[in-house]
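Indexing begins at 1, ligand by ligand and atom by atom, following the structure's order.
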Amino acid sequence: MLDLLITNATLPDGRTGMSIAVQGGRIAEVTAGLDAPAHEKLDAQGLLLAPHFVDPHFHMDATLSYGLPRVNQSGTLLEGIALWGELKPLLTADALIERALAYCDWAVAKGLLAVRSHVDTSDPSLLAVDALLEVKRKVGPYLDLQLVAFPQDGVLRSPGGVENLERALDKGVDVVGGIPHFERTMADGAASVKLLMELAAERGKLVDMHCDESDDPLSRHIETLSAETWRLGMQGRVTGSHCTSMHSMDNYYVSKLLPLIAQSGVSVVSNPLINITLQGRHDTYPKRRGMTRVPELMAAGVNVAFGHDCVMDPWYGMGSGDMLEVAHMGLHVAQMTSQAGIRQCFDAVTTNAARVMHLEGYGLEAGCDASFVLLQARDPVEAIRLRATRLKVFRKGRLLAETPAATAALHLPGRAQATSWMSRSS
Ligand SMILES: [Zn+2]
C-alpha cells in the first residue's frame, strides 16, 4: 500500500495524465495512468505538479526589517549597505529569529522549500550567524536553509574580516561568500577572491560570492572568480551572484568572458527584482536595466538561476517569498518572452537553483524526495503568468501547506453567473 498517490498531473516537461506514487517520503514511481491502493489519493485534475521552488540567493538576517531604523531614500545599493550598518547595532537575536521564522512561513506557503541565505559575518559578535544557525535548526524539519558566510563590509576592508568569516565557518556556516566589488580597490577585490577561494578549497566548501553588483563595466571580478575556480579544480562548486556589471561591459570582452565562465563550471545567480530596482540609479535617461546577460550565459552553457535576494529590508520594500514573481520579473527584464525562454525562467527558480545549492534528492523522478507543489496552472508558462496559487505543498510526502484556489465569482449584468481563474491554454 502506497503512502500517497497523485493522479492526473501535468509535469513541467509537458507530460500529462501522470501518476506519482509516494512511499516512505520518496517518489516510488512516475507513470502515466497508474492506479494503486494508497492511504491517501489526490486527483490533480490536469494541473501542474512541479518540484518545489528553490531560492539560491537571499539575505535572511535582514528580511522583514523594512523601515528599521528608516527607509532607503535614494534606493541605491550603497545607501542600503549604509542603512544595514545603522540597523546592525540595534539587532537582537530574538527579533532576528522571529522575523526569519515569519519569512520561512511565507516561503513554505509559496512552495519555496530550499533557501540559500547569506549571513553577514562583519560584526565580531557574529550575532546574526548564531541567530540564523538557530533558525536553520528550527526550520530543518520543513525547509532546507543553507548559509553563506558573507563579509558585507568587505573581507579585507573591514578589520578582522577574514577571522570573523573563518569563525562563522567554524560554527557551521556552509558556504564561503565574498564581495570583491566593495573592497577598496580593484586589486583588493581580486586579492579577496583569491584568498577566499583558497580558503574554500582548503576547507572543502562551496563558494558563492556577490560579484560585480555594479554598473561599472570595468568591474571584472567574475573573471578572477572563474580563473581561480579553474586553477583550484573547483568546477561545479562555485557561484557568482548578481554579475550586473556584465550588462554594461563591452561586447568583445564578454565574448571572451562567457566561455571562461562556462569552462570553469561557475554558476551565475541573477536577482531580477533587486537588479532592476538598485542598478542604473546613477543614470539619467536612458537608464540601464543592470541585470546580467541571462540568455547569453544560458546559451553559453552556464547554469543560471534566479534569486529573490531581498524581501522588505534596507534594499527592497516589496516581496512575499514568491519565486514565480522573481521568474516573472526575470523574463521581462531579460526579454525571454519565447515559450522556450519562459520555460527557462521557470527552470531558473527550480532545477537550476537546486543545482547551485547542490540539493540532494531534488526532482520529479523515482528515488527523489517527494517534495513538490501542486499549482493552479496548466503548465510552467501559465504558472509564471498567473503567479499561480500553490494549492498543495508537500515535503518528503508530508503535506505542509494548502491554499484555496484563486477563482473569481462573476456577477455580470445580462450574463449567467460564472467563475474564472484566468486560465487559457498557452
Ligand atoms: Zn545579495
Undergrad: To the nearest 10 degrees, could you say what angle the Zn ion (ligand 1) makes with NE2 of H59 and NE2 of H57?
TA: 110°
Undergrad: So R395 and F372, side chain to side chain contact (heavy atoms under 4.5 Å, CB included) or not? Walk me through it.
TA: CA-CA 7 Å; R395 184 177 188 269; F372 37 65; over 6 Å; no
Undergrad: Applying the side-chain hydrogen bond (donor to acceptor under 3.5 Å, both in side chains) criterion to S423, which one of R385, Q376, E382 satisfies it?
TA: E382
Undergrad: Is the Zn ion (ligand 1) less than 2.8 Å from at least one N/O/S atom of E213?
TA: no
Undergrad: Below 2.8 Å, any N, O or S contact between H118 and the Zn ion (ligand 1)?
TA: no
Undergrad: Among the N, O or S atoms of D309, which one sits nearest to the Zn ion (ligand 1)?
TA: OD1
Undergrad: Do any of the N/O/S atoms of H210, backbone or side chain, fall under 2.8 Å from the Zn ion (ligand 1)?
TA: yes
Undergrad: Kindly determine whether V356 and N303 satisfy side chain to side chain contact (heavy atoms under 4.5 Å, CB included), including the steps that lead there.
TA: CA-CA 8 Å; V356 166; N303 181 46; 3.6 Å; yes
Undergrad: Does either side chain, that of H59 or that of D309, offer a donor lying less than 3.5 Å from an acceptor on the other one?
TA: yes
Undergrad: Do V349 and V54 have side chains that approach each other closer than 4.5 Å (heavy atoms only, starting at C-beta)?
TA: no
